[in-house]
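Per chain, numbering begins at 1; letters A, B, ... match sequence-line order.
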Amino acid sequence: MNFDTWLPLFVVLSSLLPGLVMFFLDEGSHRLRTVLNMSGALLKLLLVGVITWGVFHQHIYETRWTLAPGLELVLHADTLSVLFVILSTVLWLVTTVYAIGYLEKSPHRSRFFGFFSVCVSATVGLALAGNLLTFVLFYELLTLATYPLVAHRGTPEALRGARIYLAYTLTGGVLLFTGTVWLHSIAGSIAFVEGGTLNQLHADYHPQLKVIFLLMITGLGVKAALVPLHGWLPQAMVAPAPVSALLHAVAVVKAGAFGIIRVVYDVYGVEFTHELGLLTGLGIIAAITIIYGSVKALSQDNLKKRLAYSTVSQVSYIALGITILGPIGTIGGIVHLVHQGVMKITLFFTAGNYAETLGIHKVSEMDGVGQRMPATTLAFSIGALGMIGIPPVAGYVSKWYLALGSLEAGMAWWVMPVLVTSSLLNAAYFLPILYRAWFKQPATKWPSEKILPARFETQAALLWPPLITAVLAIAAGMFAASPYSPLEWASLITRREYGL
Amino acid sequence: MNEQLLILSWLLPLLVAPLALFNRHWPASLAAVPALITAFFVPAGTVVQIPWLFLGSHFGLDHNASIFLMFSAVIWFVAGLQAELTMRNAPLWARFRFFFLLAMSGNFWLILSQDMVNFYLGFSLMGLSAYALVIHSATSKSLFAGRVYLIMTLLAESALLAGFLFIYSHTGSLAPAAGQLAGISNWAIGFLILGLGIKAGLVFLHVWLPLTYTAAPIPASAVLSGAMINVALLGWIRYLPVGQETLPEWGSLLVIAGTASIVFGAVAGLVQSKAKTVLAYSSISKMGFMTSLIGLAMLAPEQSEYIVMAVVFLAAYHGLAKSALFLGIGIVKAINSKLTFMLLLLPALVLAAAPFTAGSMMKTVIRPVIDNWQGEWIHVLPILLLTSSFATAMLMVRFLVIMSVELSLRPKKSFSIALPWVCLVALLIFVPFLLDHSFSPVIDSWPLAAVITGSLLLLYIRPPWMYSLPGLIPAGDLLFPMMTLGASARLYIRAFTCRVNSKIKTLICQLNNNFRNLIRFALSLTGGKS
Amino acid sequence: MLTAHWLYGLSGCLIMTFGLRAVLLNDSLLQRIIALNVMGTGVFMILITIAYRGPDAAPDPIPHALVLTGIVVAVSATALALTLIRRLTEEQDND
Amino acid sequence: MNATNMLFLDILLVIALLSLAWATLTATDARRSVILFIAFGLVLTLAWARLLAPDVALAEAAIGAGLSGALLLAAVQHHPRRALSSERQNTGKLANEKQNDSNPADLKSSVAIRWTLTLFCIALAFVLIWALLQALSSETSDTLAQSVSANLANSGVSNPVTAVLLNFRAYDTLLELAVLLTAVLGIFALSEQRTGYLPAGPVFNGLVSWLVPALILMAGYLLWVGAHAPGGAFQAGATLAAAGVILRLAGKRNIGLPVSKSYLNIILVIGSGLFLLVGLTMLALGRPFLDYPPAMAGYLILLIETAAMISIAATLILAFLGGRPRNREDRSC
Amino acid sequence: MIDTLIWLVALPLASALATQLLPRYATAIVISTAIATSINAAALLYAVATHGVMLYQIGGWTAGLGIALRADGLSALLLMMAAIVLLASSIYASAYFNDNPLRRRFWPLWLLLWCSLNALLLSGDLFNLYVTLELLGLSAVALASLGGKTAALQAALRYLLVGLLGSMLFLAGVTLIYAGYGTLDLATLSRVVAAGPIAWSALALMTVGLLLKTALFPLHFWLPPAHGSAPAPVSAVLSALVVKATFYLVMRLWLDIFSEVVTPQAASIPGVLGAAAVLWGSWQALRAERLKLLAAYSTVAQLGYLFLFFPLLQALPAGAARDAAMGGLVILALTHGLAKSGLFLAIGIIQQRSGHDTIRDLDGTAQRLPATTFAIALSGIALIGLPPSGAFLGKWHLLAAAFSAGQWLWVVVIMIGTLLAAAYTFRVLGHAFGQQPYPRHPVTIAAEEWPALILSAFATIGLGLAGAPVWQLLKVSL
């Protein structure tokens with residue numbers, strides 16, 4: 001037994017165990033819970049740091065555990081998983097701080113933080129999954145862990161949102177599960193191998209493989225919120241802000257997108273997928289989703305809903321990147337996984353701040369909020385500009401690579417218009433908010449001002465997380481070309497995927 | 001040191017901008033000083049590579065950039081000073097200055113950047129910050145102008161980005177050398193022309209320009225018209241394969257579009273009733289001329305070196321003169337004296353290329369082109385020149401007429417606020433003598449001289465018919481018919497979707513009912529609950 | 001095969017199916033219990049028939065033992081069922 | 001008796017059995033059903049005897065017809081109206097199958113179901129007969145019966161049925177005693193004893209006074225004889241229980257059972273308890289469970305049978321009484 | 001070592017007698033018996049894993065003349081599950097009946113039930129199986145009627161009648177077997193049985209009898225009221241173990257002893273019924289108004305899943321794929337046993353706390369009992385078949401077998417069933433969320449909440465992650 005073999009497991013356990021302990025903590029033991037939360041998050045960060053260094057230097061970290069004959073639980077750290085793990089770990093740390101501040105006085109904190117930790121463990125687990133079975137396992141665990149978080153408020157709307165969320169994701173889960181088993185019964189083991197392995201199967205299986213692909217992508221598409229499977233996402237907005245942040249930036253939608261990446265690159269192999277004629281369909285869906293989400297976002301007055309539809313649109317950039325055959329498009333898709341995460345979490349944090357500090361839930365209530373909460377609004381602006389694709393915020397890097405990739409692949413004739421339209425629509429639904437927030441006169445009275453300005457415009461624990469993530473978003477864009485940046489890491493992944 | 005200055009030129013305004021929010025007395029426009037120093041003292045050819053920044057950054061100062069930086073820095077500096085002097089106590093001054101500095105940073109940034117990402121970054125920073133300048137007065141007109149401006153700017157940015165992508169995918173380099181541009185796809189050229197054409201106010205793409213210039217506060221209009229508009233030319237010079245290959249279609253397109261702009265700008269401008277609007281149309285007209293020059297360069301690559309030189313000089317003069325005019329409006333209105341009005345005449349004359357002014361130096365610049373020209377487009381250039389001069393002259397007359405009306409209405413203010421402007425005007429008059437020793441202010445274009453003289457006479461006489469024309473074409477001209485069209489289309493589409501929607505709704509309703517009945521039936525079969 | 005086998009085997013089968021039919025169709029709980037007993041008897045009859053080896057041969061003792069056990073089990077179940085019925089009627093009377 | 005007479009008797013018996021069974025099952029009145037059932041049991045005894053199964057015949061007479069009949073009669077006696085009523089209050093499938101005059105639609109479906117089930121039963125009868133005849137006509141090896149007789153000498157008894165019951169398949173019997181215990185515990189858990197009958201008149205009392213000792217004596221005999229002839233613990237227990245039933249009918253409250261709860265418990269438990277104890281003792285002696293040493297086998301079996309008889313009798317009597325003893329101090333138990 | 005087999009039967013029986021005699025010490029006796037029997041079961045499991053099939057000839061007589069107890073991987077696993085469930089339920093029951101006079105009646109019957117379960121799982125003799133079935137049935141009925149209300153009595157009576165009918169049909173089948181093959185020993189029978197009218201009709205009779213007791217659709221009608229109105233620990237054991245025991249017998253007969261006799265057409269009958277059970281049971285569970293009824297209908301559905309395996313196992317050739325599917329079947333059964341018992345125990349707590357189990361009105365109660373709600377959630381996960389529960393592995397193999405055998409219909413059934421299960425589970429869990437005050441401590445009644453939680457967690461996490469030995473053990477078969 002050596003440390004390398006168990007490291008991936010430790011990464012998962014570093015949040016899972018504190019989470020399980022937290023369920024059984026008394027509601028009043030605030031300090032112990034905070035200590036558990038933070039030490040778990042920091043330990044995970046440390047472990048992930050080690051893994052990152054190792055993976056960069058071609059070390060192999062793999063935990064294997066036999067569930068049944070032929071069914072193995074494999075946690076394996078490769079470049080792609082490390083990218084996602086880092087994202088989740090860093091953002092979890094930030095979100096934990098935020099959540100501690102956000103839920104300061106609300107009830108059921110033991111439950112909340114317990115599920116919160118399980119949720120992150122599931123995300124990390126599916127990031128590190130070394131085969132489809134493991135992926136499915138953590139994918140479902142994620143569904144289960146997020147349901148209580150969405151329902152946390154317990155209001156009828158919250159329960160309704162949670163129910164809808166569950167209906168969608170579980171159906172998706174069942175489809176994914178069925179596809180996985182089917183594939184397993186055809187192809188045997190289904191480890192994630194860079195470049196995929198299914199092209200070696202006999203051509204007789206190709207029709208079945210197509211159906212399986214459809215099943216799996218539909219299953220994953222639910223979480224990735226591909227139209228028309230996106231219906232849960234705007235409903236899940238009832239969740240507390242840290243949850244929405246995590247849901248949209250890291251955990252759920254990303255899990256879906258990440259899964260699509262895995263299936264296309266590491267199970268089917270992108271060339272083989274293309275050969276089967278499946279990429280185009282996915283691409284068209286992604287394109288429709290991008291436009292649809294943006295158009296829907298335009299007409300939302302509820303801030304979080306607008307952000308939700310924005311997520312619908314933005315996450316599909318990842319899927320779009322996948323469907324662009326060739327390394328550059330791939331880089332664009334993969335790097336957007338990180339960039340969208342950092343930017344969207346900033347937006348949700350700030351939306352939460354508005355709600356928590358001033359009771360602002362609607363765009364129409366945001367007039368002049370920049371004067372009352374300049375730092376928060378600054379972070380919001382950075383996130384929003386990044387979403388539009390304005391440098392130096394990270395978003396432009398993704399769009400640049402996606403567009404470039406489409407040019408290389410000869411798909412520019414439809415990808416570029418989609419990208420341009422979407423960017424313009426992004427601008428159309430974000431810039432008016434910025435205008436209101438900065439340039440309009442504030443209302444005489446905020447909807448319900450819960451936190452009065454003291455040293456900061458709001459609680460410190462609420463203020464710092466969005467600022468940090470905003471800085472991260474800018475840094476990811478500004479230092480895109482520097483080593484260890486998300487872009488460089490995505491390039492490394494792509495090189496390995498394409499065997500370059 | 002040179003490298004640091006280069007970076008500081010755009011970085012300082014960016015860094016100072018947030019500070020400017022907190023201290024309203026500190027003269028923040030001094031942030032343009034490094035750019036001024038860079039423009040005048042850093043030798044062309046200086047290069048700074050920052051591989052870790054963005055996708056790999058590349059800054060540098062070539063000849064063209066040097067000249068662009070020179071006049072842009074001057075304009076920003078002067079406009080900034082004037083803003084400090086006149087607007088300090090206005091509401092929202094801090095915000096204005098913040099975005100003023102950001103736009104300034106963006107402008108310098110894109111001039112100094114040699115790679116496309118940084119160019120684009122500067123371009124969008126400048127474009128988006130200018131939005132805040134445009135809507136500064138927060139009247140409904142300025143908000144409307146701002147909206148139009150923003151939409152067009154975003155369109156421009158998208159198109160520019162698309163163009164850059166095509167270039168990158170062709171050359172594989174973010175900072176392509178001129179030689180690498182040969183053979184770039186038509187898409188790239190098309191997007192560049194579209195994106196920068198919006199910025200340049202090319203006819204049909206110009207609708208935002210008159211609105212914006214009219215709505216913005218005077219220092220903002222000055223930088224918009226003097227510095228920002230010209231970046232379109234810089235972009236074209238840098239990224240179109242000018243001089244690399246003959247592109248007859250694109251070239252003629254630019255020439256035609258440019259010519260149309262000249263004429264349209266003149267026609268629409270003449271019937272305006274606001275000084276700023278007239279200047280805006282004059283910009284359209286003037287930019288049209290420069291655009292057609294670039295078109296000519298594409299038609300005749302061998303001439304491109306001279307043409308580009310001419311364009312750069314024209315841009316510089318146009319920029320300086322136009323900003324001087326805009327600033328002058330403010331000065332004249334504020335100080336209300338004959339002297340300032342007379343001073344305002346000078347940049348107007350310069351712009352109209354009047355004899356004895358720096359404007360006539362333009363001929364010196366263009367003459368080599370005409371001299372060396374061989375080819376079928378030989379006759380075009382003189383005609384263009386003439387048309388443009390004529391148009392400009394007419395517009396200047398119109399401008400002065402309007403200004404002369406305004407003259408008697410305002411209270412007097414201290415002359416001290418006019419100081420930067422006076423310096424600018426002086427610069428405009430005297431710099432050519434400093435730069436070019438062979439410059440001789442002689443009259444070599446009698447027809448033009450006649451036109452100008454006649455116009456001045458006209459100005460003195462003020463015939464009544466001149467007052468009946470204004471209002472024929474509103475500022476923003478084509479926008480309004482287009483908006484009417486758009487609105488009716490939207491109405492139609494809404495009506496259509498409503499109909500379809502209601503049909504779908506009834507269908508779904510029916511299906512729903514059927515389904516419910518089915519379930520009820522199934523339940524009755526199973527005997528209800530057990 | 002002996003005639004007795006025919007006769008008793010057949011009647012065992014018939015008694016069992018009579019019983020089964022009555023269990024399924026009868027209304028009264030008491031009669032259902034009786035029917036179950038009758039049905040069991042049918043099965044027992046088959047068992048005893050199997051054990052029979054002719055008038056002169058000793059029969060197989062195992063089925064006999066099985067039937068003995070079966071009878072006791074049946075009476076236990078019957079007793080429990082009857083008590084249940086009694087309690088139920090009492091409860092219903094109380095209701 | 002010659003073969004023809006035998007056949008005649010057989011046919012007569014079979015016809016009687018079938019018609020009694022049919023009559024029992026189709027009687028409209030529960031009381032009549034019970035009486036017919038008892039009659040059926042008595043005729044059955046004859047059939048068992050005819051098929052050379054005297055042990056079973058005895059058991060049927062005592063238990064199948066006798067005690068079951070008594071239990072059923074008692075049930076009819078106490079709840080004549082309710083016992084006949086259908087499970088009308090029940091919801092669910094069974095209730096749906098019931099005839100319900102108030103609803104013609106139900107009636108119709110009920111008739112349909114009735115016929116379907118009847119046809120199903122007829123089909124089942126044919127299949128059963130077919131399979132049985134197949135089985136009887138195939139020459140199956142008789143190894144098991146042979147090995148019974150081969151091992152009879154080692155079993156400690158000479159009655160092969162007793163040998164099977166208490167030695168070869170003693171485990172079955174142990175579990176069977178557990179079944180009895182379960183039933184009586186279930187009955188205890190469910191209800192209390194019925195209130196007693198009125199004290200009997202002098203004539204009946206006189207009858208009781210000699211019938212009960214005779215039955216006890218007979219039980220003892222059956223128990224003893226079981227080792228080598230028809231008889232055994234079950235028959236003996238049932239006979240003993242019959243004595244109890246008679247006492248009960250005579251109005252005796254405790255019918256000889258101990259009043260103390262713990263003694264009663266011991267009586268109930270002793271049958272299976274002693275059986276189990278013997279089995280486990282063998283385990284302690286290093287033998288398999290219930291593997292009696294051949295020399296001791298006879299005694300051990302007798303011991304077990306005695307204990308079993310007591311428990312069986314007590315169980316059957318308590319079942320007839322219908323519940324746990326009424327106890328003033330502790331009504332809840 | 002080999003004595004573990006008989007002790008598994010003898011000890012609960014002895015303790016049952018002891019509790020009847022010494023009611024004052026009943027709880028102590030029961031708990032120590034439960035622990036001892038669990039250790040015993042574990043020892044048996046270990047012995048089977050290391051030494052292979054365990055055989056115990058009672059009375060020293062050879063099987064056939066005497067009765068043999070046998071334990072292979074399958075029975076050892078089920079015994080172990082029974083031990084775990086009963087141990088947990090015993091602890092639970094000691095608190096549940098804390099000051100209830102029923103306690104004295106409860107314990108002996110409880111132990112008799114355990115005894116009969118063990119006896120059934122170990123028995124290697126057809127007639128002995130009949131006796132154990134009767135013992136099981138009567139003790140189960142007696143326990144189910146303990147509630148004492150009209151509904152409980154009615155349900156118990158129906159349960160009894162159905163059970164008796166089932167046993168009687170089973171006995172008829174046994175009779176035919178004895179008539180045809182002259183043996184009752186299962187091992188001997190599996191050697192001599194051959195396709196033909198005797199085997200077919202005997203198997204049919206026994207199967208129908210057992211299916212009645214296993215409550216396979218449409219013979220399930222008695223189950224929901226019986227399981228729904230019994231006391232909580234009894235419901236737990238009825239749903240988790242009692243129906244499983246008869247299912248075990250069906251499995252033994254169809255997949256082991258009569259495997260040569262069963263045709264694909266015949267095997268598809270339980271498959272179709274199972275599919276119907278999955279859909280109907282889940283649908284009814286979704287419509288149930290009471291928690292216990294929901295759980296009971298869920299049992300109907302879950303049993304359906306088990307029967308879906310039959311046509312697939314019949315279709316798959318002997319080999320790795322069939323072994324894997326077999327393991328899936330067993331792990332599904334084990335998971336359901338543990339999860340369902342955990343669920344019923346948890347429901348019992350809720351019912352005790354709020355005095356009812358109407359789903360609509362659960363809000364406050366569910367929120368004041370976080371640990372119990374958590375137990376319900378965990379068992380719900382196992383019922384749905386979500387990872388990492390054992391049922392996930394079971395469903396995986398079920399699906400895999402369906403794909404391998406090319407029987408697509410079952411795939412759809414499984415998918416729909418899973419979604420319905422999710423629907424009815426989360427219908428309940430929705431009530432756990434709200435702004436009711438959170439209790440100071442997550443666990444309030446340790447002796448009741450921990451058993452429920454541990455059973456559910458075992459099903460959901462233990463079997464899912466550490467289920468691999470099941471396949472190893474199943475290689476040890478008769």
Is a salt bridge present between D:R32 and D:D29, judged by a nitrogen-to-oxygen distance below 4.0 Å?
no

Do you know which of D:A47, D:A238, D:A145 has the most heavy-atom pairs with chain C at a distance under 4.5 angstrom?
D:A145

In Å, rounded to the nearest 0.5 Å, how long is the span from CG of C:L68 to OG1 of D:T162?
8.5 Å

Heavy-atom contact with chain D under 4.5 Å, split by part of C:R87:
side chain

Portion of D:V184 that has a non-hydrogen atom of chain C nearer than 4.5 angstrom
neither

Roughly how far apart are C:I34 CD1 and C:S28 OG, rounded to 0.5 Å?
7.0 Å

Report yes if some heavy atom in the side chain of C:F18 is under 4.5 Å from a heavy atom in the side chain of D:T24; otherwise report no.
no

I'd like to verify something: which residue of C:S76, C:A81, C:P59, C:G70 has the highest number of heavy-atom pairs under 4.5 Å with chain D?
C:S76

Heavy-atom distance under 4.5 Å to chain C: side chain of D:L316, backbone, both or neither?
side chain

So, the part of D:I11 with a heavy atom under 4.5 Å from chain C: the answer is both

Heavy-atom closest pair (C:A65 atom, D:L165 atom, distance to 0.1 Å) is O-CD2, 3.7 Å

Would you mind reporting whether D:V56 and D:L51 have side-chain heavy atoms less than 4.5 Å apart?
no

Of all the heavy-atom pairs spanning C:R86 and D:S191, show the shortest one and how long it is.
NH2-OG, 2.9 Å

Tell me, out of C:T41, C:V23, C:I50, who's got the most heavy-atom pairs with chain D below 4.5 Å.
C:T41

C:T17: partners by side chain to side chain contact (heavy atoms under 4.5 Å, CB included), with sequence neighbours left out:
C:L14, D:L124, D:A125

Measure D:F40 against the heavy atoms of chain C and call it side chain, backbone, both or neither at under 4.5 Å.
side chain

Rounded distance [0.5 Å steps], CD in C:Q31 versus CZ in D:F37
12.5 Å

Please identify, among D:I129, D:T173, D:L71, D:L52, the residue contributing the most non-hydrogen atom pairs under 4.5 Å to chain C.
D:L52

Tell me which of these, D:S149, D:A319, D:A59, D:S33, has more heavy-atom pairs under 4.5 Å with chain C than the rest.
D:S33

D:N159-D:D55 side chain donor-acceptor pair, cut-off 3.5 Å
yes

So for D:Q146, is it side chain, backbone, both, or neither that comes closer than 4.5 Å to the heavy atoms of chain C?
neither

At a heavy-atom distance under 4.5 Å, which candidate from D:G322, D:A21, D:G41 has the highest pair count against chain C?
D:G322

Considering only heavy atoms, which portion of C:A74 lies under 4.5 Å from any heavy atom of chain D: side chain, backbone, both, or neither?
neither

Please check if the side chain of D:N167 supplies one atom and the backbone of D:A163 the other of a donor-acceptor pair under 3.5 Å.
no

Which bit of C:V67 is near chain D, if near means a heavy-atom gap under 4.5 Å: side chain, backbone, both or neither?
side chain

Select, from C:T78, C:L10, C:I48, C:L66, the one with the greatest count of heavy-atom pairs under 4.5 Å involving chain D.
C:I48

Top contributor to chain D contacts, counting heavy-atom pairs under 4.5 Å, from C:C13, C:A77, C:G19:
C:C13

If one checks every heavy atom of C:P55 against chain D at 4.5 Å, the contacting part turns out to be backbone

From CZ (C:R32) to CG (C:L25), nearest 0.5 Å
8.5 Å

Identify each donor-acceptor pair in which a side-chain atom of residues 63-70 of chain D lies under 3.5 Å from a protein atom, sequence neighbours left out, and give them as a table.
{"unit_1": "D:S68", "atom_1": "OG", "unit_2": "D:I63", "atom_2": "O", "d": "3.3"}
{"unit_1": "D:S68", "atom_1": "OG", "unit_2": "D:G64", "atom_2": "O", "d": "3.4"}

Atom group of C:L82 that falls short of 4.5 Å from chain D, counting heavy atoms
side chain

So, the part of D:V148 with a heavy atom under 4.5 Å from chain C: the answer is side chain

Pair D:D10, C:T3: side-chain N/O donor-acceptor within cut-off below 3.5 Å
no

Toward chain D, the part of C:M16 with a non-hydrogen atom under 4.5 Å
side chain

Mind ranking D:L18, D:V34, D:L13, D:L7 by heavy-atom pairs under 4.5 Å with chain C and telling me who comes out on top?
D:L18

Would you mind telling me which of D:L318, D:L128, D:L181 has the largest number of heavy-atom pairs within less than 4.5 Å of chain C?
D:L128

Engaged part of C:L84 at the chain D interface, taking heavy atoms whose separation is under 4.5 Å
both

Residue part contacting chain C, namely of D:L44, when any heavy atom lies under 4.5 Å
side chain

